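A short worksheet on the structure shown next.
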Amino acid sequence: MYNLLKMLQVSYIRENREEVLNRLSVRNFKQPELVDQIIKLDDDRRQTQTQFDSVSAEANAAAKQIGDLMRQGKKEEAEAIKAKTGTFKEQIKSLGEKLSAIEILLQNELVLLPNLPHSSVPKGIGADDNVVVLENGQIPVLIQNALPHWELAAKYDIIDFELGNKIAGAGFPVYKGKGAKLQRALINFFLDHADAAGYREMQPPIVVNEASGFGTGQLPDKEGQMYHITVDNLYLIPTAEVPVTNLYRDVIVKEEELPIKNCAYTPCFRREAGSYGAHVRGLNRLHQFDKVEIVQVVHPDHSYQVLEQMSSYVQSLLQALELPYRVLSLCGGDMGFTSAKTYDMEVWCAAQARWLEVSSVSNFETYQSNRLKLRFKGKDGKAQLAHTLNGSALALPRIVASLLENNQTESGIRIPAKLVPYTGFEWIN
RNA sequence: GGAGAGAUGCCUGAGUGGCCGAAAGGAACAGUUUGCUAAACUGUCGUACUGGCAACGGUACCGAGGGUUCGAAUCCCUCUCUCUCCGCCA
C-alpha cells in the first residue's frame, strides 16, 4: 500500500504544474487534464493519510497503555480501555482501504504521464518534425544493378531468411559462413570499443521477470511487444537496457561511484506485432537481433553532457565503419514515452536509398530511476534520484544491411578496414 | 521433478506477542588522540509518507498479501523468491 510506484514524482508535478503542462505540450500530449486529476487525487491521498495516521497514533497509544496497565496488574483499567479500541480498528480499516483505493487510482493515472521533454527538444507530432542535427560521410555511388541487402545475402549465401522461416518463423534469420563471422566480428568490435571508452562489460540474463520489465518501463505499456514465457512468467528481453538498468533497481549508490558505465551484448527479441511489408524486408526489422547496448547512471548535473558524449561515441563507431550517417534530435511527439531527450542515429542504405535507424541514445533523467528507486547518496547523506541514459552501440542488422548495400562492388562486398582484424577477411565474395 | 531449510537495516546476524525501527559485530562517515603505510577511543549511521518556518513530531515498512489480537518481526493462511540434499542434465 505504501510502495507507490511513481512515474513522474507527484511532488514535482504539484510544485511545477505550469511547467509540466508546457513541457507535455511539446510532446503533443493528448491528456493534459491528467495533471490536474493527479494533483486532486494527491490532495485526497494526503488528507486520507493524515486521518489514517492520527487514528493509528491514538490506537497505538491505547495499545501501549493497555500493555503498561496489564504489567502493573491493573486489569480492570486495562479492560476499560480495551473496550474503547473497537472503533479505532474499524476506522483504521476503512481509512486504510480508502487510502489504498486512492493510491491505486493515482498510480493508474501517473503511469499514463510520459516523461517531460527537455527544453531543447523540438516541438512536434511525428517523424517529420525531427530535426537533423548533422550528416556525416560520403553517400556512396553504387555500381550498376546494385542489389538490396536481402538479395546480396542470398547471392553470397551469408544470411538465409528461408531457413530461419523453417525453424522459427519470419524475422529469425540464419547467418551462415561469412555472414555468421561478420556478426561475431561486429559484436566484438563494438564491445572492444565500448571497453576502451570506459564501459564495463556485463553479460546479463536475456530473460527478465515482471519487476524488471516494469522497472525500465516496458511493462505495463509495451507488454505485447515482448515475448512472454508464460509457464515461468519471464520475458525475453527486447534490449539489454532492461537487465542492465535493472541491475540498479532498489539500489542507493555512493555519489563517488558515479558515473556508472556499463555495456552489454545480448540478443534482443521483439514481437513487432502488426509490422509487415517492404519496409520491414530483410534485415530491416527482425524478431531476434543482436545489439551492444551502453548504459550510464550519472549525477543529474551531468546527464546532458553525458548524452552528448554518448552521441559522439556512437558516431565514432559509425565513422570507424565508414558508414554515412545522420543524427536526428527527436521531436517531442516522436520520442519514447520514458525519454526526456533522444538522438537517433541513422545510416544510409544505398540500395534501398533510405535512412535506417541504428541507434537511439536517450536521457531518461529521473523517469527510470524513479521507477527503479535508483538513488545516490552524497556527502550530505541525502538520497536523491540519479539520472539514467542508454544507447545502442550498436544494433547489428541494419549496420549489416548498410555495409552490404553500400560496399557492394562487382567483385564482392568490401569489409571496412577497421573491421578486418575482427572478421579475418576483407571481402565477402 | 522429489524432500527439507530459510527470507530482518549497507553486510553478518540476534530477536517466538507489548519495554523492538529492531541487540551485537563489521563496513562507512565525522571527531579526538597516538602515529610513517595503521591502530585506539567517541559520536553518527535504513527508507518512505506526513505535520511544522524551524526545533521537533506522527505514521508505515523486519520477502509480498491477507488473518488472529487491545497490541505482531514474533502466531495462522496464501503467494513469491533463495538455499541445501536427491534425481535429471549442459
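What you are looking at is a predicted structure, and each value in this text was computed from that prediction instead of being measured. Chain letters run A, B, ... following the sequence lines, proteins first, then strands; residues in each count from 1.
- In this structure, A:K377 reaches the B:U47 phosphate: one of its side-chain N or O atoms is under 4.0 Å from OP1 or OP2.
- Of the candidates B:G71, B:U50, B:G18, the closest approach to any side-chain atom of A:K89 belongs to B:G71.
- The separation between A:R45 atom CZ and B:A48 atom P is 14 Å, rounded to whole Å.
- The partner of B:U32 is B:A40, by the rule that a Watson-Crick or G-U pair needs both atom distances under 3.5 Å.
- Rounded to a whole Å, the CD atom of A:E90 is 13 Å from the P atom of B:U69.
- B:G9 and B:A14 have their C1' atoms separated by 13 Å, with the value rounded to a whole Å.
- Ring to ring, A:H387 and A:F364 are not that close: their centroids are 6.0 angstrom or more apart.
- Aromatic pair A:Y304/A:H118: centroids less than 6.0 angstrom apart.
- Taking atom CD of A:E97 as the reference point, atom P of B:G65 lies 15 Å away to the nearest angstrom.
- The nearest whole Å value for the distance from the CZ atom in A:F88 to the C1' atom in B:U59 is 15 Å.
- With a 3.5 Å ceiling on both atom-pair distances, B:C89 lacks any Watson-Crick or G-U wobble partner.
- With B:A60, B:C70, B:C49 as the choices, the nucleotide that has an atom nearest any side-chain atom of A:S56 turns out to be B:A60.
- With both ends at atom C1', the span from B:C62 to B:A73 equals 5 Å, rounded to whole Å.
- Across every strand in view, B:C61 sits in a pair with B:G46 that passes the Watson-Crick or G-U test at under 3.5 angstrom.
- For the C1' atom pair drawn from B:U16 and B:G71, the interatomic distance equals 15 Å after rounding to whole Å.
- In this structure, A:L372 atom CG and B:U47 atom P are separated by 18 Å, rounded to whole Å.
- Nearest to the side-chain atoms of A:I66 among the listed nucleotides B:G58, B:C49, B:C70 stands B:C70.
- Taking the centre and axis of the six-membered ring of A:Y422, the NZ or CZ atom of A:R184 falls outside the cone set by 45° and 6.0 Å.
- Annotation: cation-pi geometry not satisfied between A:K254 and A:F376 (NZ/CZ under 6.0 angstrom from ring centroid, within 45° of ring axis).
- Remark: P of B:G18 and NZ of A:K75 are 18 Å apart, rounded to the nearest angstrom.
- Ionic pairing of A:D36 and A:R17 is present here: one or more N-O contacts between side-chain nitrogen and carboxylate oxygen are shorter than 4.0 angstrom.
- With a cut-off of 3.5 Å on both Watson-Crick or G-U wobble distances, the partner of B:G21 is given as none.
- The C1' atoms of B:G13 and B:A23 are separated by 10 Å, rounded to the nearest whole Å.
- When heavy atoms are screened at a 4.0 angstrom cut-off, A:A57 is found touching the sugar-phosphate backbone but no base atom.
- If you check B:A72 for Watson-Crick or wobble pairing at under 3.5 angstrom, you find it has no partner at all.
- In terms of phosphate contacts, A:R375 brings no side-chain nitrogen or oxygen within less than 4.0 Å of OP1 or OP2 of B:U47.
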When you look at A:Q183 and A:L396, which way does the side chain to side chain contact (heavy atoms under 4.5 Å, CB included) test go after all the steps? CA-CA 7 Å; A:Q183 293 287 114; A:L396 296 226; 3.7 Å; yes
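- Rounded to whole Å, atom P of B:G9 lies 14 Å from atom NZ of A:K373.
- Base pairing annotation: B:C53 forms no Watson-Crick or G-U wobble pair, as no partner gives both donor-acceptor distances under 3.5 Å.
- Comparing B:G6 with B:U74, their C1' atoms sit 16 Å apart, to the nearest whole Å.
- Among the nucleotides B:G18, B:G58, B:G67, the one closest to the side chain of A:M70 is B:G18.
- The side chain of A:F52 has B:A60 as its nearest neighbour among B:A60, B:G71, B:G58.
- Nucleotide B:U82 is matched to B:A5 when pairs are restricted to Watson-Crick or G-U wobble geometry with both distances under 3.5 angstrom.
- Using atom P as the reference point in both B:A7 and B:C45, the two lie 27 Å apart (nearest Å).
- In this structure, A:K181 places its NZ atom where only 12 or fewer heavy-atom neighbours from other residues, nucleotides or ligands lie under 6.0 Å away.
- Atom C1' of B:G25 sits at a distance of 16 Å from the matching atom of B:U8, rounded to the whole Å.
- Regarding contacts with the backbone of B:U59, a side-chain N or O of A:N60 is found under 4.0 angstrom from either OP1 or OP2.
- With rounding to whole Å, A:N370 atom CG is found 11 Å from B:A48 atom P.
- When the nearest nucleotides of RNA chain B are assigned to A:D68 and A:T50 by heavy-atom distance, the more 5′-ward of the two goes with A:D68.
- If you take atom P in B:A72 and the same atom in B:G18, they sit 11 Å apart, rounded to whole Å.
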